[in-house]
Amino acid sequence: MRRAKKPSSFVIDGEWPHAMMEPHRGALVAQAIARKLAEAMAERGLSANALAQKSGVNRQVITNVLNGSVWPDMLTIVDLEGALDVLLWPDHTQWRIPEPGQPGDRAASEEGVRGVSGEGGV
């Protein structure tokens with residue numbers, strides 16, 4: 001049941017992937033990956049089609065990751081990281097995330113994003 005909801009369904013306020021999120025570590029990681037992926041694609045001037053050709057990852061899968069409609073799997077992330085020459089997986093272990101059941105706060109979501117943006121020089 002943990003994957004019954006898509007990552008973007010954990011948005012509290014704002015637009016994916018720049019939204020304030022519920023305190024769900026998996027959804028926050030998926031959000032950070034989507035944001036980092038979008039930034040890396042923009043920096044390199046790559047469309048989803050071009051990245052699909054370069055990485056071997058299906059274009060629709062890339063679009064779904066960017067939109068937060070799927071939980072990206074490890075092989076997808078590894079292939080995208082290799083094609084982009086950038087780490088997409090965030091160092092989430094240092095994030096301050098409220099306990100499950102506690103209301104999410106902007107600090108938790110922003111700290112998660114800072115954890116990602118501090119890595120890899122984005």
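Just the heavy atoms: all of them, side chains too, but no hydrogens, waters or symmetry mates, feed the values below.
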With rounding to the nearest 0.5 Å, note down the distance linking [atom1] in [X] to [atom2] in [Y].
X: Glu22; Y: Ser9; atom1: CD; atom2: OG; answer: 7.5 Å
X: Lys36; Y: Leu84; atom1: NZ; atom2: CG; answer: 10.5 Å
X: Leu37; Y: Leu80; atom1: CG; atom2: CG; answer: 5.5 Å
X: Ser8; Y: Met21; atom1: OG; atom2: CE; answer: 7.5 Å
X: Thr63; Y: Asn58; atom1: OG1; atom2: CG; answer: 8.5 Å
X: Arg25; Y: Trp95; atom1: CZ; atom2: CH2; answer: 8.0 Å

Determine the minimum heavy-atom distance between [X] and [Y], stating which atoms define it.
X: Val61; Y: Val57; value: CG1-CG1, 3.8 Å
X: Trp16; Y: Leu66; value: NE1-O, 3.0 Å
X: Ala83; Y: Leu51; value: CB-CD1, 4.0 Å
X: Val65; Y: Pro72; value: CG2-CB, 3.8 Å
X: Arg59; Y: Ala48; value: CG-CB, 3.7 Å
X: Ala27; Y: Pro7; value: CB-O, 4.0 Å

Backbone N or O of Pro17 within a donor-acceptor pair of the Gln31 side chain at under 3.5 Å?
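Checked: pair present.
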Please check if the side chain of Trp71 supplies one atom and the backbone of Lys5 the other of a donor-acceptor pair under 3.5 Å.
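Present.
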Step by step, work out the side-chain contact (heavy atoms from CB on, under 4.5 Å) result for Val86 and Glu43.
CA-CA 11 Å; Val86 66; Glu43 288 171 2; over 6 Å; no
For the residue pair Gln60 / Asn64, report whether a side-chain donor-acceptor contact shorter than 3.5 Å exists.
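On atom types as modelled, these side chains qualify, holding a pair under 3.5 Å.
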I want to check something: taking the side chain as every heavy atom from C-beta on, are Leu28 and Phe10 in contact at a cut-off of under 4.5 Å?
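A side-chain contact is absent here, since even the closest heavy-atom pair is not under 4.5 Å.
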